[in-house]
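Atoms within a ligand are numbered from 1 in the order they appear, just like the ligands themselves.
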Amino acid sequence: MKKKPTAPYPPHKPAAGWDSIRSVAFKIWEETYTGRGVKSLLKLNQPKGFDCPSCAWPDPDPDQVSSFAEYCENGAKAVAWEASKCLVDEKFFHSHSIETLLQKSDHWLEKQGRIARPFIIRPGSDHYVPISWEEAFTIISSTLNALDHPEEAIFYTSGRTSNEAAFLYQCMVRQFGTNNLPDCSNMCHEASGKALKETLGIGKASVTINDIPKAELMLIFGQNPGTNAPRMLSALQKLKANGGKIIAVNPLPEAGLMQFRNPQKPWEWIGKATQIQDLYLPLTINADWALLKALQKILLGYEREDPGSVLDATFIAQKTNGYTEFLKDLDELDQDNLIAATGLSKDSVTEAAKLIKGKRKVIIAWAMGITQHSNAESTIREFVNLLLMLGAIGKEGAGTLPVRGHSNVQGDRTMGIWEKMPDTFLDKLGKAFDFSPPRKHGVAAVDAIKLMQSDKGKVFFGMGGNFALAAPDTQKVFTALRQCTLTVQVSTKLNRSHLIHGETALILPCLGRTERDSTPLCDQFVSTEDTAGRIRMSKGDLTPVSENLKSEVGIVCGLARALLGEENTTDWEGMAQNYDLIRDKIEEVIPGFENFNVRIRQPGGFYLPNGPRNGSFDTPDKKAQFTVNPWPIRQKAPETFILMTIRSHDQFNTTVYGMDDRYRGIKKRDVILMHMEDMKERNIKEGDRLKITSHFAGENRVLEGFKAVPYELPKGTLAVYFPEGNVLVAMDNKSKESLCPSSKYIEVSLEKSMEV
Ligand SMILES: Nc1nc2c(c(=O)[nH]1)N[C@H]1C(S)=C(S)[C@@H](COP(=O)(O)OP(=O)(O)OC[C@H]3O[C@@H](n4cnc5c(=O)[nH]c(N)nc54)[C@H](O)[C@@H]3O)O[C@H]1N2
Ligand SMILES: Nc1nc2c(c(=O)[nH]1)N[C@H]1C(S)=C(S)[C@@H](COP(=O)(O)OP(=O)(O)OC[C@H]3O[C@@H](n4cnc5c(=O)[nH]c(N)nc54)[C@H](O)[C@@H]3O)O[C@H]1N2
Ligand SMILES: [Mo]
């Protein structure tokens with residue numbers, strides 16, 4: 001029999017192992033040329049060191065932390081990137097105008113090094129020039145205070161900001177008078193928070209890292225952990241060693257889920273790699289809902305044949321509500337139609353159902369392949385329905401695991417970075433700081449763009465991140481930001497958001513996680529919250545790259561004093577010197593932080609309260625909710641493709657470390673991944689340059705000159721890298737419930753580019 005041709009990519013090599021050690025060594029040398037990067041690695045994720053600035057994957061308990069290397073390749077890259085010895089100083093901006101910088105790649109911009117001091121562009125100028133901190137705060141505060149209304153200002157947050165800085169930042173913004181606090185979560189896990197809060201009473205993971213090895217089965221939906229949460233693979237390896245099984249659901253066969261060599265265990269770098277996934281389901285993009293309903297239906301069939309073989313009837317009766325309606329709806333669905341919609345064979349769906357049957361210790365993990373769809377919340381509520389059927393919540397080795405992105409994105413939300421914090425939080429905040437917080441909801445990320453577009457948003461303040469590139473609809477975001485009177489970015493490294501600026505623009509450079517944060521009182525530390533809701537201390541000890549940096553806390557306190565005036569009663573000065581005072585206020589306002597200053601000093605920190613983890617549900621009727629979620633059908637024209645935007649192995653969001661997407665075997669970023677048959681049918685050859693046109697609500701957007709790469713993904717599906725693909729994402733292509741952009745579902749057509 002003739003062998004079916006397969007795409008050359010991905011190369012199907014084990015993830016991590018020696019290659020990742022080599023990659024780390026190279027990056028550290030390239031960035032720092034000194035021991036700076038190596039020194040900081042020795043403190044990375046150690047109980048007394050600093051929290052990794054890369055992803056939000058939890059650290060093991062203190063007694064299980066590897067003293068050799070409690071970090072992954074991509075965490076080490078993030079550290080090396082921050083520890084850079086190069087500086088963006090006065091000389092740099094003297095010789096580079098905005099016009100010339102706009103011609104440079106994003107990789108080049110960040111590679112210029114750490115921003116050394118505050119800079120300003122004054123109206124009409126094309127060069128950043130130095131400015132003192134005092135003058136910077138005066139300009140920002142006088143511009144803000146001259147607005148017609150505080151709601152004309154937008155205060156964005158990325159997810160690296162510490163708890164202490166985030167808490168003070170939202171407090172300053174609310175004292176100023178607005179809830180316009182969009183964050184990167186609006187484009188990330190917003191749907192997870194919403195769907196989990198409604199159904200289980202809290203918008204966070206119900207499992208801890210210690211549950212994973214105890215699970216009998218783990219389902220991983222829409223996530224690429226080998227690249228984006230690499231230390232998760234060590235936990236999965238333990239689950240496998242204990243006899244647990246793993247099902248991966250993803251249109252792309254991701255290397256990290258196939259085979260793995262633990263880079264923390266050199267004896268594994270050779271020999272047989274661990275096979276991670278037991279069953280791989282390469283489903284049609286956004287067919288997760290259909291797959292979940294099909295699985296529930298098959299499982300219900302097994303239960304009816306053999307009562308007790310699937311359902312946990314006691315759990316359902318005692319702990320849940322809505323089961324009858326859920327069952328009625330499920331019975332009305334047609335199993336064959338559901339399976340057909342998944343693009344999977346009936347056999348593979350049945351195999352998955354058989355793996356689930358009889359199990360109680362089941363964890364479902366997911367990430368952007370689920371949340372960045374317009375129907376994300378429905379899919380997530382179906383995860384909950386499935387877990388509730390099995391009684392797989394509130395016990396060891398079972399539950400929900402939305403794997404967060406940025407290292408403190410979850411903590412920032414806990415601290416009040418949200419455009420619609422509940423009244424209970426606002427009441428306590430007002431009491432603790434003696435003011436009346438605004439109650440009108442603010443704007444989330446997409447609405448922030450619209451506010452600026454409409455000329456009602458005049459000031460954009462970015463606490464970290466790279467909004468210009470991370471937000472959808474690049475051209476529109478650029479225009480919106482350029483219409484602002486003032487744009488301010490608190491940053492460590494140069495990025496596109498510094499170049500796409502308002503009439504006046506400021507860069508306020510801050511300390512990174514790895515650096516010592518000294519105040520006249522003593523060295524300070526901050527705290528972060530991981531995916532599993534554990535609060536830990538983070539204390540950097542590298543000498544800051546420049547004497548002209550401030551900590552994020554210092555920046556907020558300095559600005560708040562200028563903005564809110566002499567008569568303001570908050571002790572900004574005291575808190576800027578002594579972060580224990582900030583933690584006392586956090587304790588006063590946010591439940592779960594009792595005795596904060598004592599418990600944060602314990603090795604490993606402490607877990608925040610989590611109802612579902614203990615089997616209690618803080619919903620209106622105190623029960624977990626089964627829900628009915630209608631079939632989310634998205635119409636598309638027959639000849640078009642669905643395109644997703646994904647991360648390469650050599651980037652952290654908009655920070656591009658290099659061009660090597662090693663696990664996928666691709667060494668360029670201007671590429672479009674395509675099924676071989678789709679290429680053949682359109683007479684497209686590997687390397688042909690294509691014009692990609694996206695279609696949404698009658699509007700077209702274009703990305704030109706991307707090279708075709710034959711790749712193992714379902715027919716009709718395409719992939720390009722984020723952030724390059726963002727020009728194709730229409731701002732209104734988003735979830736109606738959580739307003740999160742559908743960055744994984746972009747309807748596009750293709751044609752060959754004119755020769756370039
Ligand atoms: N090294 C590194 N680490 C990171 C980041 C980084 O850029 N680099 N980013 C951080 C951040 S902020 C985040 S949010 C996370 C992101 O972590 P991930 O969510 O793993 O990142 P993505 O590359 O967006 O990958 C999403 C996955 O979803 C799959 N997918 C797409 N559409 C569908 C679908 O319809 N159904 C299913 N089942 N799967 C689908 C894609 O094939 C891909 O494997 O990582 C964090 N960690
Ligand atoms: N098309 C598409 N769009 C997406 C996504 C996608 O998958 N596809 N993913 C979305 C997701 S999940 C997210 S989370 C967002 C990410 O959006 P953002 O969080 O806005 O973007 P980042 O690229 O993480 O931000 C990088 C910048 O942060 C700054 N920085 C780094 N460390 C620090 C620090 O310690 N303090 C401060 N103040 N600044 C620092 C540096 O200057 C760096 O240039 O993008 C979203 N956009
Ligand atoms: Mo994210």
Side-chain angles (χ1 to χ4, degrees), residues 53-57 72-75 77-78 81-82 106 109-110 114-115 156-162 165 183-189 220-230 248-254 256-257 281 283-288 291 366-373 379 403-407 409 445 462-472 489-498 507-514 552 555 642 644-655 657 713 717 719-726 728-729 740-741 743-746:
S54 193
C55 78
W57 188 252
C72 70
E73 171 188 353
N74 282 338
K77 278 193 217 162
W81 201 246
E82 188 174 292
D106 299 299
L109 290 177
E110 294 230 8
R114 292 282 300 280
I115 302 162
Y156 174 71
T157 313
S158 171
R160 246 180 220 184
T161 299
S162 66
D183 67 349
C184 66
S185 204
N186 296 149
M187 305 181 271
C188 183
H189 261 295
I220 303 174
F221 279 80
Q223 191 203 354
N224 178 17
T227 287
N228 297 316
V249 184
N250 197 319
L252 292 188
E254 298 287 22
L257 288 170
L281 300 177
L283 89 173
T284 301
I285 195 157
N286 198 22
D288 304 81
L291 173 64
W366 68 94
M368 297 302 103
I370 296 302
T371 62
Q372 292 177 339
H373 282 295
T379 309
V403 180
R404 301 282 161 179
H406 264 297
S407 54
V409 62
M463 177 54 90
N466 186 2
F467 190 75
L469 276 197
Q489 306 288 340
V490 178
S491 313
T492 50
K493 289 209 157 183
L494 192 62
N495 66 40
R496 191 100 359 212
S497 296
H498 304 125
I507 307 179
L508 306 180
C510 64
L511 296 174
R513 269 291 162 78
T514 49
E552 289 179 334
I555 292 173
I642 298 302
M644 55 165 127
T645 54
I646 51 171
R647 288 158 170 79
S648 128
H649 193 65
D650 219 1
Q651 72 182 88
F652 190 93
N653 296 343
T654 65
T655 298
Y657 301 129
L713 39 57
T717 304
V720 297
Y721 293 123
F722 149 63
E724 289 83 341
N726 259 343
L728 297 169
V729 189
C740 179
S743 314
K744 300 285 188 272
Y745 196 100
I746 307 155

Looking only at N/O atoms, are R513 and ligand 2 under 3.5 Å apart anywhere?
-> no

Ligand-side contact atoms (ligand 2) for residue partner N726, heavy atom cut-off under 4.0 Å = 1 (N), 2 (C), 3 (N)

What does the list of residues with a heavy atom under 4.0 Å from ligand 1 look like, ordered by chain and number?
-> C55, N74, C188, G222, Q223, N224, T227, N228, V249, N250, P251, L252, E254, L283, I285, N286, D288, A367, M368, G369, H373, G405, H406, M644, I646, R647, Q651, F652, N653, K744

How are the rings of W81 and Y657 set to each other: parallel, tilted or perpendicular (split at 30° and 60°)?
-> perpendicular

Can you find a side-chain donor-acceptor pair between H189 and T371 that sits under 3.5 Å?
-> no

Where ligand 2 meets S491 - atom numbers and elements under 4.0 angstrom, heavy-atom basis = 39 (N), 42 (O)

Going by the atom numbers of ligand 2, which of them fall below 4.0 Å from some non-hydrogen atom of E110?
-> 43 (C), 44 (O)

Taking salt bridge (Lys or Arg N to Asp or Glu O under 4.0 Å) as the test, write out the residues that go with R496, two or more places apart.
-> D106

M644 CE to S743 OG distance, which is reported to the nearest 0.5 Å | 12.5 Å

Provide the number and element of each atom of ligand 2 under 4.0 Å from a heavy atom of G464.
-> 37 (C), 38 (N), 39 (N)

Can you list the atoms of ligand 2 that are under 4.0 Å from a heavy atom of V490?
-> 37 (C), 38 (N), 39 (N)

Short question: side chain of E82, backbone of T514 - any donor-acceptor pair under 3.5 Å?
-> yes

Atoms in ligand 2 flagged as close to C510, the criterion being non-hydrogen separation under 4.0 Å | 36 (N), 37 (C), 38 (N)

May I ask you to check whether H498 and S491 show a side-chain donor-acceptor distance below 3.5 Å?
-> yes

Counting each atom of ligand 2 from 1 as listed, which ones have a heavy atom of N495 under 4.0 Å away?
-> 27 (C), 42 (O), 43 (C), 44 (O)

Within-cut-off N or O pair, Y156 and ligand 2, under 3.5 Å | yes

Report the residues that fulfil salt bridge (Lys or Arg N to Asp or Glu O under 4.0 Å) with D183, sequence neighbours left out, ordered by chain and then residue number.
-> R413

State which residues pass side-chain hydrogen bond (donor to acceptor under 3.5 Å, both in side chains) with N466; sequence neighbours excluded, sorted by chain then number.
-> S497, T654

Would you check if there is a donor-acceptor pair between the side chains of S407 and R513 at a distance under 3.5 Å?
-> yes

Heavy-atom donor-acceptor pair, N495 side chain to G465 backbone, under 3.5 Å | yes

